[in-house]
Amino acid sequence: MLWEPVLWGQLLIHGVMLAGLYGLLALGLNLVFGVMRVINFAHGELVMLGAFLTFWGYTALGLHPLVALPFSAAVLFGVGWALQRLLMERVLGGQPMAALLVTFGLSLIIINVGLLVFGADIRSIPVVSGSLRVAGFVVPKARGLAFLTAVALTVATVAFLRWTAFGRAIRATAQHPEVAITCGVDVRRTRLVTFGLGAALGAAAGSLIMLILPMDPQSGSLLILKAFAVIIVGGLGSVAGSLLGALVLGIAEVFGSFFIATVFGEVMAYVLLLLVLLVRPAGLLGIAER
Amino acid sequence: MPRALLVGLALAGAGAVPLVANNYVLSVLISLAMFTGLAYAWNIISGYTGYLSFGQVTFFGVGAYTAAVLIIKLHVAWPLAALAGGLLAALLSLPLGWIMLRLRGPYFAIGMLGLSRIAERIAFAWEPVTDGGRGLYLPPVLDLRAVYWAVVLVAAALVGITSLLDNSRFGLRLLAIREDEGGADNLGINTTLAKLQAFVLSAFFPGVLGGIYAWHVSYVDPVTAFATQIDLTAIVAVLLGGAGTVWGPLIGGVTLSVLAEVLWARFPFIHTALFGALVIVTVLFLPKGLADAFRQRGWLAPGRAFLRRLAARPAPLEAAPE
């Protein structure tokens, strides 16, 4: 492989920009896992719903994706809340596989409904075009915008978890639900909000992905594997870990696509996922399973 | 030997179907037996051993491609090619199982899903052998009878193996691993070996079925050979019938095929959603599957066969003195 500083720097920039999106993509999934020890297999489909709500806002109402983003996040918050209330509460605390299977069934239903409502066409929102030159490197505006928004949302979420009372309640529930109850945390409500928040973060990620990549109703299954890869590389339940995981995946994908083959850029997520699972089954910065 | 007689009659009955059935009925029955067989194979690693796999289709695809390549390039007879597909799948499952079975719970499930996606990508990229996305074309099959017999034979073999497994120490080891792997390890069970054996069984048969499938539909491409839908159907059949039981996959497979023919053929656009709804309803309301519901109604004998035999043993002559 050739050492060309400009080329490598350019690839690195692309990788980091992708990583910002992947970090947000994985954040909601990781949050739900941290609090409920449930892998939400339908997370990719919630991302897809968010993306298509934004697309609908753009085509039907002429809303800019960044304007539509809060609305689709709010709608998905409600969807997440309702799913937790109607479905997940019934399987939490039972067989660990029951929850995984329920979300698996849910993802199938959402994909099918998505195909019926939105059709199977591949959609994109090409509102932001052109690129900037920053210090000799090319930065496409759409990717830059998506990256900055994703980072801002991630930082806001981490700050929310860290410095607000409700954020503390979420972290307490994640660490030890029984003790959280004795400390006066309404664990049930915390879980409802967490699932809603996870879905809302997914929707935001979906809206941003729509800016830079075309999507169809079946794209969710590809995205969830990327989100899995991110949080498994970083460690399930660890926010810092998932940021590291996102960086690793984003950069590996860009370099893999460039130096090996585009096909292997796509596979890179799974290869990384398997490699890390082998060496460190709990992820690079993971917490042990309870 | 009424039991042997019953088995013989069932096999003879199933074997005689092509003599009276037309091609439509045969193709319905082929897909029924195919998915029942896949359900039985999945049941060994996921139902008995508790390692939920979302990627056994990897071995189905490997079998399909192996058989297709052998038939096209080396003109191997198709039953032998399908068998070779199973053998290669089993061979491949040794290192893969050794690696993947170190993962537990959701990690294993997702790891296997990732594996099947990698396999699909490799099939796309390895053009000299697989012809990439164009796929491989095989000579068309005009007589479905041989295909039917082959699939039914494999499915029957799987019923037999599962029945033996359910009554064996090996089966007990797998169940022990499912219930408490650490505990099983402490009891001196070589859990790594037992899991690997179960995994290889759960890879060999999908490989053979994949090979037969390739011959049956005369075409293999990456998307259909490694379709998540194939795993899905097997998983739903096992869950619906009852995971970790001898008759569950058969009950589930038959129920699913009947549903598919009667109901879903009329609503093709919500086929996937109905599948998803079935998974959720089963997990919520029938967590032990139809086999358990049948047992409670007395249609199936309760408990496991070896437990029934233990219970039926004559009591010791005298109670031990105090």
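Basis for what follows: all heavy atoms, side chains included, without hydrogens, waters or symmetry-related copies. Reminder, nothing fancy here: chain letters follow the sequence lines and each chain counts from 1.
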For a quick test of your reading: what N or O donor-acceptor pairs under 3.5 Å do the side chains of residues 244-257 of chain B make, sequence neighbours left out?
unit_1: B:Thr245; atom_1: OG1; unit_2: B:Gly242; atom_2: O; d: 2.8
unit_1: B:Thr245; atom_1: OG1; unit_2: B:Gly248; atom_2: N; d: 3.0
unit_1: B:Thr255; atom_1: OG1; unit_2: B:Ile251; atom_2: O; d: 2.5
unit_1: B:Ser257; atom_1: OG; unit_2: B:Gly253; atom_2: O; d: 3.0

Which of B:Val283, B:Val281, B:Ile235 touches chain A most, by non-hydrogen pairs under 4.5 Å: B:Val283
Over 12 non-hydrogen atoms of neighbours within 6.0 angstrom of CD in B:Glu181: yes
Which atoms of B:Leu284 approach chain A - backbone, side chain, both or neither, heavy atom under 4.5 Å: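 The side chain, not the backbone.
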Proximal component of B:Ile118, with respect to chain A [non-hydrogen, under 4.5 Å]: both
Aromatic plane relationship, A:Phe228 with A:Phe41 - under 30° parallel, 30 to 60° tilted, over 60° perpendicular: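 Taking A:Phe228 first and then A:Phe41, their aromatic rings sit tilted (interplane angle of 30° to 60°).
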B:Asp131 side chain vs B:Arg134 backbone, donor-acceptor pair below 3.5 Å: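 Answer holds: no.
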N/O donor-acceptor pair under 3.5 Å between A:Asn40 side chain and A:Val32 backbone: no
cation_pi(A:Arg191, A:Phe195) dist<6.0 Å, angle<=45: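 No, A:Arg191 does not sit over the ring of A:Phe195.
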Cation-pi, B:Trp98 ring and B:Arg102 (6.0 angstrom, 45 degrees): yes
Proximal component of A:Leu116, with respect to chain B [non-hydrogen, under 4.5 Å]: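 The side chain, not the backbone.
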Residue part contacting chain B, namely of A:Val113, when any heavy atom lies under 4.5 Å: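 No part of it gets close to chain B.
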Spatial distance of atom CG (A:Leu115) from atom CD1 (A:Ile110) [nearest 0.5 Å]: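 A:Leu115 atom CG to A:Ile110 atom CD1 measures 12.0 Å (nearest 0.5 Å).
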Close contacts, residues 272-280 of chain B versus chain A, judged by heavy atoms under 4.5 Å: B:Thr272, B:Ala273, B:Phe275, B:Gly276, B:Ala277, B:Val279, B:Ile280
